[in-house]
Each structure stands twice: as structure tokens, then as C-alpha cells.
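So that the names make sense, note that chain A is the first sequence line, chain B the second, and so on, each numbered from 1. Keep in mind that this is a model prediction, so the values were computed, not measured.
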2 protein chains.
Amino acid sequence: MSKGEETRRQIVATALTRAGEIGLEGVTLGSLADELELSKSGLFAHFRSKEALQLAVIDEAEQRFVDQVIREALRAPRGEPRVVALFEHWLRWFRLGDHPRGCIFLSLSAEYDDRPGPVHDAVVSSQKRWLEWIRGAAERAVETGHFRPDLDPAQFAFEFTAIGMSLQFQSKLVQDPQAERRAREAFGGLLDRSRISH
Amino acid sequence: MSKGEETRRQIVATALTRAGEIGLEGVTLGSLADELELSKSGLFAHFRSKEALQLAVIDEAEQRFVDQVIREALRAPRGEPRVVALFEHWLRWFRLGDHPRGCIFLSLSAEYDDRPGPVHDAVVSSQKRWLEWIRGAAERAVETGHFRPDLDPAQFAFEFTAIGMSLQFQSKLVQDPQAERRAREAFGGLLDRSRISH
DNA sequence: AGAATAAAAGCACGATCGGTCGTTCTTGTC
DNA sequence: GACAAGAACGACCGATCGTGCTTTTATTCT
């Protein structure tokens, strides 16, 4: 890997971390350059616009998410086990992280839900892909007979993501140490309701 | 009401609206002054610091929330009806609004969850009060015999707020027109699980 | 080693940030 | 209607914003 590529990576990685703390819009070229001990113009030259940097950050975040959550979950057998794996790896993504803790996409979603432009569009489409993954996994669980045939997969995805958001909220903002336990409890309930019989 | 008080109100109200769109940190004294056709210094004199303005905005938001959601819900009889009323008025709060649509507190929560300071503290304490209201209402519903005696009210509050967050996410970001229906469906399920018997 | 190329630094720009003046105009009170 | 208090103003501060352009320094390739 060339030198320039290497620094570019470092810039994006650091920007990603800061974006999780103070928001993507709040990540400033000057402060970023200071932290990386680069000149502002030297840093800027890698992207040629702030928006390009922002899009690069989102791209990097999604790549990591696919690697650490989706790809990992795909190793579980399809049906309910894969749905569970999706949830468990999502929890892991919340917990650890180069990003300080919690999911950057939730921060990004809140930050750009009312702000049009290419960055908004990138956030939206990445979130749609994530929702689609959950919906698809639920759909397969219906096909394999783990879940009720009359289950609405989109409704399942709605409640699935709801749990993650509440987790982020309660663990980061309100600092409830039991947040993760609560999330697991809620997910267990969701699974119960989704299964055959009862 | 004196003249100064009146303009101060207008400033806070406008700032509240803008905060819902671009975030509280993004509401700039200059842009705010332009929109209200005031000089920046004239506007500034009402607060003497940007932070004071931000705190005033949060205060105003919470006051409205108490008026439009909590106080309204208290008119319903205690127990399950009040829990339902709390949810319904919360939905109403999401729908309409001086703020463009959606709950400002969710935006604020995401914006300040990693940013220490007085504004962060104000957001946290207002959110704790809200959680406490939900928890208390669930607790009363247990006492009145509507809800299972072994229900964990804090868990109920966790799942209650989860639904609202997913609603905001799906209706604002992903623009799902069925989001509110999904939220109602999820809440119905939560109620079912919370009631006596089954 | 030396030439070609890429990366970083330096410097400057116009705009805007939150904030501070002293001054002027508008209010409310007697 | 005089007068003090309060509201709004315009000019300006140092700092920082994103973005150019030019020059110097590293890296890469022959």
C-alpha cells in the first residue's frame, strides 16, 4: 500500500471515531489535522472537499459493519439461528468499536434525517440495506419453518431495530448498566412471538 | 407581557424549530438573527451566551412536552388506559409540531450523548424524567390489576421508548408511510404481553 | 543515482463563528 | 411630557471554518 493510501486510511479512521462522538458535521478539517499532526491543506488534498471526506467516512463505516456484523452472521445456518446471530453480532458492534461505543449509524441517522444532500442519501441507502438484511433473514426463517407463516417480516425488522435504538439510548445517554440485559430480554420476547405455535 | 419577553419567546421558538432540523449545535446566532430580522447583537443580548440559549430551548421543549403529552395523558384513568394515553399522545407529539415532525428529544439525545457539559446534563435529566413517567404509569397499571404482577416496569419503559425511536427512524429517515401503523402494532403486542393471563 | 511523481506544507482568501463594545431608539412609569 | 430602563443596533474582535494555489519535501520507478 502506498504512503498516500495509508495516510488516507488513517484520516478516515480518525474522522470516523470523532464522528461517533461529536457528529459527522462537527468533524472539522482543522481539528482533524491537528490530531493527526498533519497540515490542514495536506489533509484536505486527499479529498478535495469536506463532503468527499464525509462520504468516505460513511463508506468505511458501512464496510466495517458488513465485515463485523453481516458477514459474521452469514456463517450461522439460515433461519432463526441466523436471525439470532445477526442480533448478537449487532450487540457486539455496539459494545466494542474503534468508534467509542454505540452505533455510528444511529448518530448519523439522527443527524441527517432532515438535512438533504449526498451525505443524507448515503446514510439513507445504507440504512435501507440494513433493514433489508433483517427483513430477508426473517423471511427465510419463515421459509425454514422456524417462524410463523403469517409473520410480517417488515414488522419484525421494525421491532428488531427498535431494540437496538433503545439500547443505544439507555446505555449511552441514560447510562443504564442493565441496558444490554434489557435488550436481550426484549429480543427474546420478539423471538417468542415470531415462532410457530404457542 | 413586555416587549423583550415577547421577542425572547420568538427567538426560543424559532431556535427550537431549527434545532429539530439541523441540530441544536447547528443553530447559529447569525442565521437565527437573519431569520428573525434582528441584529445578531440584539438577539445575543437576550441570553448573553449561546449555551444559555440552548438551555432555554431545551427548557421550552420540555415544557411543551409536559403540556401536550404528559398533562394530557393524566386525564385518562390510571392503569392501562393512562399507559395507552401516554403512547397515543406521544404519537401525536411526533406527528404534528412546531418542530417539523418527529421528536426533538431524540435528536438531542443522539447529538449530546457523547458531549459533556450543561446541555448534555439537561438532556439527560429530561429524558430520565420521561422514562420515569412511563415506568411509573406501568407500575400503577400493575397495582390496578391491569398488568401482570411480575411485570418489570423498567423493562416496559425500555420497550415503550424503543417503539417511538423506531417510529422516528422509519418515518423520517427511511420515509416508510406505514411507520405509524407499525408502531401501533408493536405497542399492541407490548400491551398484550404485559396484561394479566394470556 | 537521478528523474518522475506523489504527498505534504505554507500561506492566504473570504465567510462565518460566538462574543463585546458604545450608541441609539423604543418602552413603560410617574 | 419628562425620564430612566430596557431593547435593538452597527462595528468590530480574535478564532476558525472550508478551500484554493504555490512551493518544498518524500516516495517511487527506471
Side-chain angles (χ1 to χ4, degrees), chain A residues 1-19 21-60 108 111-112 115-120 122, chain B residues 1-19 21-60 108 111-112 115-123:
Chain A
M1 176 164 30
S2 76
K3 177 81 196 310
E5 210 173 322
E6 169 64 25
T7 38
R8 195 191 142 103
R9 260 181 202 289
Q10 281 187 320
I11 295 171
V12 172
T14 306
L16 179 53
T17 303
R18 293 288 150 269
E21 296 167 5
I22 55 174
L24 187 51
E25 211 69 29
V27 177
T28 238
L29 298 183
S31 62
L32 206 51
D34 280 353
E35 183 172 353
L36 290 160
E37 289 177 310
L38 266 168
S39 70
K40 196 168 55 147
S41 55
L43 184 149
F44 181 78
H46 283 272
F47 304 95
R48 306 213 316 276
S49 85
K50 192 189 182 182
E51 192 178 275
L53 167 60
Q54 293 174 324
L55 292 172
V57 167
I58 293 175
D59 199 65
E60 169 71 15
L108 287 172
E111 195 173 355
Y112 289 98
R115 207 189 283 239
V119 180
H120 168 272
Chain B
M1 174 163 32
S2 75
K3 178 80 194 314
E5 210 173 323
E6 170 63 26
T7 40
R8 195 191 141 102
R9 262 182 201 289
Q10 280 186 320
I11 295 171
V12 172
T14 307
L16 179 53
T17 303
R18 292 289 149 267
E21 296 168 6
I22 55 174
L24 187 52
E25 212 68 28
V27 177
T28 240
L29 298 182
S31 62
L32 205 52
D34 280 355
E35 182 171 353
L36 290 159
E37 290 176 309
L38 267 168
S39 69
K40 194 171 56 147
S41 54
L43 182 148
F44 180 80
H46 283 273
F47 304 94
R48 306 213 318 277
S49 85
K50 192 189 182 184
E51 193 178 274
L53 167 60
Q54 294 174 324
L55 292 172
V57 167
I58 293 175
D59 199 67
E60 169 73 15
L108 288 172
E111 195 173 355
Y112 289 98
R115 209 188 282 237
V119 180
H120 168 273
D121 297 346
V123 172

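Counting atom types as modelled, B:Lys50 pairs no side-chain N or O with a base atom of C:dG19 as donor and acceptor under 3.5 Å.
Atom CD in A:Glu25 sits roughly 13 Å away from atom P in D:dC17 (whole-Å rounding). Atom pair A:Arg8:CZ and C:dA8:P shows a separation of 12 Å (rounding to whole Å applied). To the nearest angstrom, P of D:dT19 lies 7 Å from CG of A:Leu29. One atom, CZ of B:Phe44, and another, C1' of D:dA7, lie 15 Å apart when rounded to the nearest Å. The separation between A:Leu53 atom CG and D:dT19 atom C1' is 14 Å, rounded to whole Å. As rounded to whole Å, 11 Å separates atom P of C:dA8 from atom CG of A:Leu36. Note: CZ (B:Phe47) to C1' (D:dA7) measures 13 Å, nearest angstrom. Look at CD1 on A:Ile11: it is 11 Å from P on C:dA7, rounded to the nearest Å.
Proximity note for A:Ser41 (side chain, C-beta onward) versus C:dA8, D:dA8, C:dA9: the nearest is C:dA9. With C:dG18, C:dA7, C:dA8 as the choices, the nucleotide that has an atom nearest any side-chain atom of B:Thr28 turns out to be C:dG18. Listed candidates were D:dG10, D:dT28, D:dC17. Nearest to the side chain of A:Ser2 is D:dT28. When each of D:dA8, C:dG19, D:dT19 is scored by its nearest atom to the side-chain atoms of A:Lys40, the top-ranked nucleotide is D:dT19. The side chain of B:His46 has D:dA7 as its nearest neighbour among D:dC9, D:dA7, C:dA9.
The shortest side-chain heavy-atom distance between B:Val57 and B:Val27 does not fall under the 4.5 Å cut-off.
With a 6.0 Å radius and a threshold of 12 heavy atoms from other residues, nucleotides or ligands, A:Arg9 has its CZ atom at or below the threshold.
The side chain of A:Ser49 places no N or O atom within less than 4.0 Å of a non-bridging phosphate oxygen (OP1 or OP2) of D:dG18.
Taking every heavy atom of both residues into account, B:His46 and B:Ile11 meet most closely at CD2-CD1, 3.9 Å. Looking at every heavy atom in both residues, A:Glu111 comes nearest to A:Gly23 through OE1-CA, 3.5 Å.
No engagement by A:Leu43 is indicated, since no non-hydrogen atom pair under 4.0 Å with the nucleic acid exists.
With respect to the salt-bridge test (charged N to carboxylate O, under 4.0 angstrom), the residues A:Glu21 and A:Arg18 qualify.
Place B:Glu51 and A:Glu5 on DNA chain C by their nearest nucleotides, and A:Glu5 ends up nearer the 5' end.
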